[in-house]
Amino acid sequence: MKMSNLYMPTLREVPNDADIVSAQYLLRAGMIRKLVSGVYSFLPLGFRVMKKVEAIVREEMDRADAQEVLMSAIQPREIWEESGRWANFGPEMFTLQDRNQRDFCLGPTHEEYFTFLVNNELNSYKQLPLCLYQVQTKYRDERRPRFGLIRSREFIMKDAYTFDVDEEGLRASYNNMWQAYEKAFDRIGFKYKVVQGDSGNMGGLVSHEFIAITPEGESNIAYCDACDFAATDEVAGARFDAKIELACEGEPNEKVHTPNVKTISDLETFFNVSPKAFIKTLLLKVESTQDVIAVMIPGNRELNIVKLSKFLEVNEDDLVMLQEEEVYPLTGSIIGFVGPFGLKESVRIVADERVFSIVNGICGANEKNYHLKNVVLEPSQFEVAEDLLSVEAGDLCPHCGQPLKIDHGTEVGNIFQLGDKYSKAMNATFLDKDGKSKHFVMGSYGIGISRCVAALVEQFHDDKGIIWPVAVAPYHVLVTVVNPKKEDQLNLGMTIYESLKEQGVEVVLDDRKVSPGVKFTDADLIGIPLRIVVGKKAGENIVEVTERASDEKIEIAVDKLNELITEKLNA
RNA sequence: CGGGGUGUAGCGCAGUUUGGUAGCGCAUCUGGUUUGGGACCAGAGGGUCGCGGGUUCAAAUCCUGCCACCCCGACCA
């Protein structure tokens, strides 16, 4: 490809709506463009990268004996009613109607569709196990699309589904996919961790997430160096020593005047004790039912809303913190003085187990400017949850007891053991050996192809632009002709370009009639791994080879060039 | 969904307070000079000022409704 003809509209300035480095560079490098919030176009260079990621994933899926199909993005409401997820997915689902007012959605995922498909065709255990996959566009009407390709409303996903006769078969299929994922992510070049995932509302289901490690990532993961434990912060058990005992000065549950002492740090100053000794009471409500929940946690910790939503068996997005004006009618107090005693009876009180280790603690009195001290909570009087807290660095590993570390990342893949959740709901069965009808035991497996492109940029960039790993680079080699008006430079550039092309090297020629600065700046921005600069020494048949990653420059005679390029690309 | 902010040329922005012919930089086009890290000179094209309604002799500017985009949304209880 000649750059004089390449559709690569690079931008000097950062578009003001690009909120993360990957979005900034992909936009500036002319690889993607935004149509509307959360919806992007892929331009030639960006599309080439995505196709490379896709090809690697496809190869590893095929190697693992998965079979590729292509389903429709449009799905009828009926199959979602069968699984019960039409209502459950709620506003996240893009819905539409045909001319006869029949409801459809643009598929956010395809469990129902695959289950429906297979149910019609698969009747015998002899046809199992089976693994089908597709690479396809998915739609989710995110509450708040952001981070460019990382949380978009339209995205490309590879999704796979396995069907087995029993749990044992599922485990084998699951491990098979796990290995395929590791091979794919290794080949792409990701730095990543495999962590235990959110196992869904019902518990007992196994899942893992593949997290690309990126400093700005929105997923938090907790992991242990001493053993192989790793999990997202939504499941990692926050184990720590919560025991604290204050001397009982005065009466039990004694009311203390605490004017304007609202926050934990205010309390810390006022009472001069550790925040561990405070019992923090937060008020939330379930929006769909308007049920109000008071949650008690140790004062030095944060509530993890995902863990709470699982405990309450409600949707995470359905849980919100109460607004200031909603608090008074329920508590008789304002924010800052809420406590577990004397709440309206309609309020459901849930306690994180650790608050019972606080002896003679301090909590809100449900009266403005008053707290209670010398509080000892009695577990039998409250609903007790094992763990509602966000894990923190230094908490103890639930496996081996060593301190945990926290890292950030972007989820690029996940694997789920679904069991018979969908096959049961949709009554998808086969006949087993013994002639009995059984539900398929299923798994589902996703890789966010377009998100991978963004995660790669998050991992591989510097202050000048992107640094693509060779395996996914849009082109391998960029030949820059410094001054295309000089015949010897242009001719030599063309010769090198043609010869590399001949050998099957993916090469692009920068023959644009712009100043060298523009070419070099664009080259750094778009991040092609190797650059050959044809400049002043073209007459002597000497060119310069630069590695984008290391910025290492080598002057070399043209007849030794092929050898060097081959060596560098295979390194 | 709640709170805040912004919408003016392809991109980044000024102009809005105090109504009076729509501007700047970059990009684009023409001609010329230039070419090892975002060149220079001369000229040119490009905008229903997000959309609708209103006030006014006159609206980017004031009023009003809508739309889009961005930011924030426990750390406090």
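Each chain gets a letter, A, B and so on, in the order the sequences are listed, and its residues count up from 1. Just so you know, these numbers use all the heavy atoms, side chains as well, and skip hydrogens, waters and symmetry mates.
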- prompt: Just to confirm, is there a sub-4.0 Å distance from OP1 or OP2 of B/C70 to any side-chain nitrogen or oxygen of A/Lys34?
  reply: yes
field: Which residue lies more 5' along RNA chain B, comparing A/Ser265 with A/Asn16 via nearest heavy atoms
entry: A/Asn16
task: Measure the distance from CD on A/Glu142 to P on B/C71 and round it to the nearest whole Å.
output: 14 Å
field: Opposite nucleotide pairing with B/U55, Watson-Crick or G-U, both atom distances under 3.5 Å
entry: none
query: If you draw a 6.0 Å radius around CG in A/Asn5, do more than 12 non-hydrogen atoms from other residues or ligands fall strictly inside?
result: no
query: Does anything in residues 324-350 of chain A pair up under ring pair (Phe, Tyr, Trp, His ring centres under 6.0 Å), and if so which pairs, sequence neighbours excluded?
result: A/Phe337-A/His371
task: Count the heavy atoms belonging to other residues, nucleotides or ligands that lie under 6.0 Å from NZ of A/Lys368, then report whether that count exceeds 12.
output: no
message: Quick check on A/Phe47: does its CZ atom have over 12 non-hydrogen neighbours (other residues, nucleotides or ligands) under 6.0 Å away?
response: no
query: What string of B, S and - do you get for nucleotides 32-42 of chain B 5' to 3' if you count protein non-hydrogen atoms under 4.0 Å?
result: --BBBBBS---
message: Please report the distance separating the P of B/U55 from the corresponding atom of B/A9, rounded so that it comes out in whole Å.
response: 28 Å
message: Output the rounded distance in Å from CZ (A/Phe147) to P (B/C69).
response: 17 Å
Base-pairing mate for B/A60 - Watson-Crick or G-U, with both contacts under 3.5 Å: none
message: Give me the distance, rounded to whole Å, that separates B/U30 from B/G23 when you measure between the P atoms they each carry.
response: 25 Å
Distance, P atom - from B/C11 to B/C70, rounded to whole angstrom: 14 Å
message: Checking base pairs now: Watson-Crick or wobble, both atom distances under 3.5 Å. What partners B/G45?
response: none
message: For the CD atom on A/Glu487, are there more than 12 heavy atoms of other groups (residues, nucleotides or ligands in this structure) within a distance under 6.0 Å?
response: no
field: Spacing of A/Lys285 atom NZ relative to B/G2 atom C1', expressed in whole Å
entry: 10 Å
Rounded C1' spacing from B/U16 to B/C62 in Å: 10 Å
P-based separation of B/A68 from B/C26 [nearest Å]: 35 Å
- prompt: If the P atom of B/U35 is compared with that of B/G45, how far apart are they to the nearest Å?
  reply: 31 Å
statement: Separation of B/C70 atom P from A/Ile20 atom CD1, nearest Å, is 14 Å
query: Is A/Glu378 atom CD crowded by more than 12 heavy atoms from other residues, nucleotides or ligands, each under 6.0 Å away?
result: yes
task: May I have the distance from A/Tyr7 (atom OH) to B/A27 (atom P), rounded to whole angstrom?
output: 18 Å
- prompt: Which part of the nucleic acid, if any, lies within reach of A/Ile264 when heavy atoms closer than 4.0 Å are counted: base, sugar-phosphate only, or nothing?
  reply: sugar-phosphate
- prompt: Paired with B/G10 by Watson-Crick or G-U wobble geometry, both distances under 3.5 Å: which nucleotide is it?
  reply: B/C26
d(CZ, A/Arg151; P, B/C71) in whole Å: 12 Å
message: Mind checking if A/Arg144 touches a base, just sugar-phosphate, or nothing, with heavy atoms under 4.0 Å?
response: base
- prompt: In the structure shown, which nucleotide is the Watson-Crick or G-U wobble counterpart of B/G2, with both distances under 3.5 Å?
  reply: B/C72
field: Integer angstrom distance from the P of B/G12 to that of B/C57
entry: 39 Å
task: Using the C1' atoms only, state how far B/G43 lies from B/U48, rounded to an integer number of Å.
output: 28 Å
message: Restricting to side-chain hydrogen bond (donor to acceptor under 3.5 Å, both in side chains), what partner residues turn up for A/Ser357, sequence neighbours left out?
response: none
task: Using the ring of A/Phe155 (Phe, Tyr or Trp, six-membered ring only), decide whether A/Arg451 places NZ or CZ under 6.0 Å from its centre and within 45 degrees of its axis.
output: no
